[in-house]
2 protein chains.
Amino acid sequence: MGATKTDLFTQQQNEIAAMAKALAHPARIAILQYLVKKNACVCGDLVDELGLAQATTSQHLKELKTAGIIQGTIEGVSVCYCINPKVWKQYKELFNAFFKEVDLQQTCC
Amino acid sequence: MGATKTDLFTQQQNEIAAMAKALAHPARIAILQYLVKKNACVCGDLVDELGLAQATTSQHLKELKTAGIIQGTIEGVSVCYCINPKVWKQYKELFNAFFKEVDLQQTCC
DNA sequence: AAAATACATCGTAATATTGCGATATAATAA
DNA sequence: TTATTATATCGCAATATTACGATGTATTTT
């Protein structure tokens, strides 16, 4: 045991959970906020910005890249990262749909 | 090592990450969707609904309760769970704010 | 009071995540 | 070609998560 039983759930449920997982670390939130703020893609700066080791920062970047929400392009000796607008929009819409107006004015029980 | 270095990040960043973490498992997404759908709070049903062991289901419920997004009330021999509308709204607003319209039409790099 | 029912919690095993130093890789600069 | 620079990956240790059986607890039935 220890591994998530993804087969018990719908693809949509697994997808939302995977998206949430990508956001489930403050360093990754900080990276995304930094990328949104700077718009242009900085990269080595993130190591200074976050205060985490280079290896750790690179690992978080990899996770965000695997999730699709950011993309990196080789720019000479360094790599330029930026938000993937298409996937960003997908995240936004999926979370919006999940939290969409529900009849929640009354507390049951 | 192994533990998240929360002190490196802002309270807001840690908060968003914590919220995302609560949603970062398909079983918890399934529980929330079920609660939203049924509105009225069912509970023992969740074990059948999810296909996970009773202990595991209870553990996921506990995490959602700790995150504040659901609440449980003792109802005779069983416990009635439901969405906490106030916290649900907070989640919704925080994610909305995070994903709010950003100038993302062009891909940099 | 004793049994039954519904959950919670404990203990434990398997696996995943976080973090970092060390090293590899790849591109530019000297 | 040989540094230098920037990033990625490897290997490892610490910790967290997921899952479940077993057991505890509290309420209702019998």
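Per chain, numbering begins at 1; letters A, B, ... match sequence-line order.
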**Message:** Under 4.0 Å, counting only non-hydrogen atoms across every strand here, what does Ile74(B) touch: a base, just sugar-phosphate, or nothing?
**Reply:**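 The residue Ile74(B) makes no contact with any strand.
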
**Request:** Measure the shortest side-chain to side-chain distance between Gln33(B) and Phe98(A) over non-hydrogen atoms and say whether it is less than 4.5 angstrom.
**Result:**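 A side-chain contact exists here, since the closest heavy-atom pair is under 4.5 Å.
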
**Asked** Between Leu23(A) (CG) and dT17(C) (P), how many Å, whole number?
**Response**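 Roughly 14 Å, once rounded to whole Å.
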
**Prompt:** Where each residue is assigned the nucleotide of DNA chain D containing its nearest heavy atom, which of Glu75(B) and Ala27(B) is assigned the position nearer the 5′ end?
**Reply:**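 The residue whose closest nucleotide sits nearer the 5' end is Ala27(B).
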
Counting N and O atoms only, with roles assigned by atom type, does the side chain of [X] sit under 3.5 Å from a partner on the main chain of [Y], one being a donor and the other an acceptor?
{"X": "Ser58(B)", "Y": "Gln54(B)", "result": "no"}
{"X": "Asn84(B)", "Y": "Gln71(B)", "result": "no"}
{"X": "Arg28(A)", "Y": "His60(A)", "result": "no"}

**Request:** Would you please classify the geometry between the Tyr91(A) ring and the Phe99(B) ring as parallel, tilted or perpendicular, with 30° and 60° separating the classes?
**Result:**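 Because their plane-to-plane angle lies in the 30° to 60° range, the rings of Phe99(B) and Tyr91(A) count as tilted.
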
**Request:** State whether Lys21(B) places a side-chain N or O below 4.0 Å from either non-bridging phosphate oxygen (OP1 or OP2) of dT17(C).
**Result:**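 No, Lys21(B) has no side-chain N/O under 4.0 Å of OP1/OP2 on dT17(C).
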
**Message:** Is the phosphate of dT17(D) approached by His60(B) (side-chain N or O, under 4.0 Å from OP1 or OP2)?
**Reply:**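 False: His60(B) side-chain N/O out of range (4.0 Å or more) of dT17(D) OP1/OP2.
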
Show each protein N/O and nucleotides 4-10 of chain D N/O combination with a separation under 3.5 Å, one pair to a line.
from, atom 1, to, atom 2, distance (Å)
dA6(D), O4', Val77(A), O, 3.2
dT7(D), OP1, Gly44(A), N, 3.3
dA8(D), OP1, Tyr81(A), OH, 2.3
dA8(D), OP2, Ser58(A), OG, 2.8
dA8(D), N7, Gln54(A), NE2, 2.9
dA8(D), N6, Gln54(A), OE1, 3.0

**Prompt:** Where is the tightest heavy-atom contact between Ala24(A) and Ala24(B), given as atom of each residue plus distance?
**Reply:**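 Shortest heavy-atom contact: CB-CB, 4.4 Å.
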
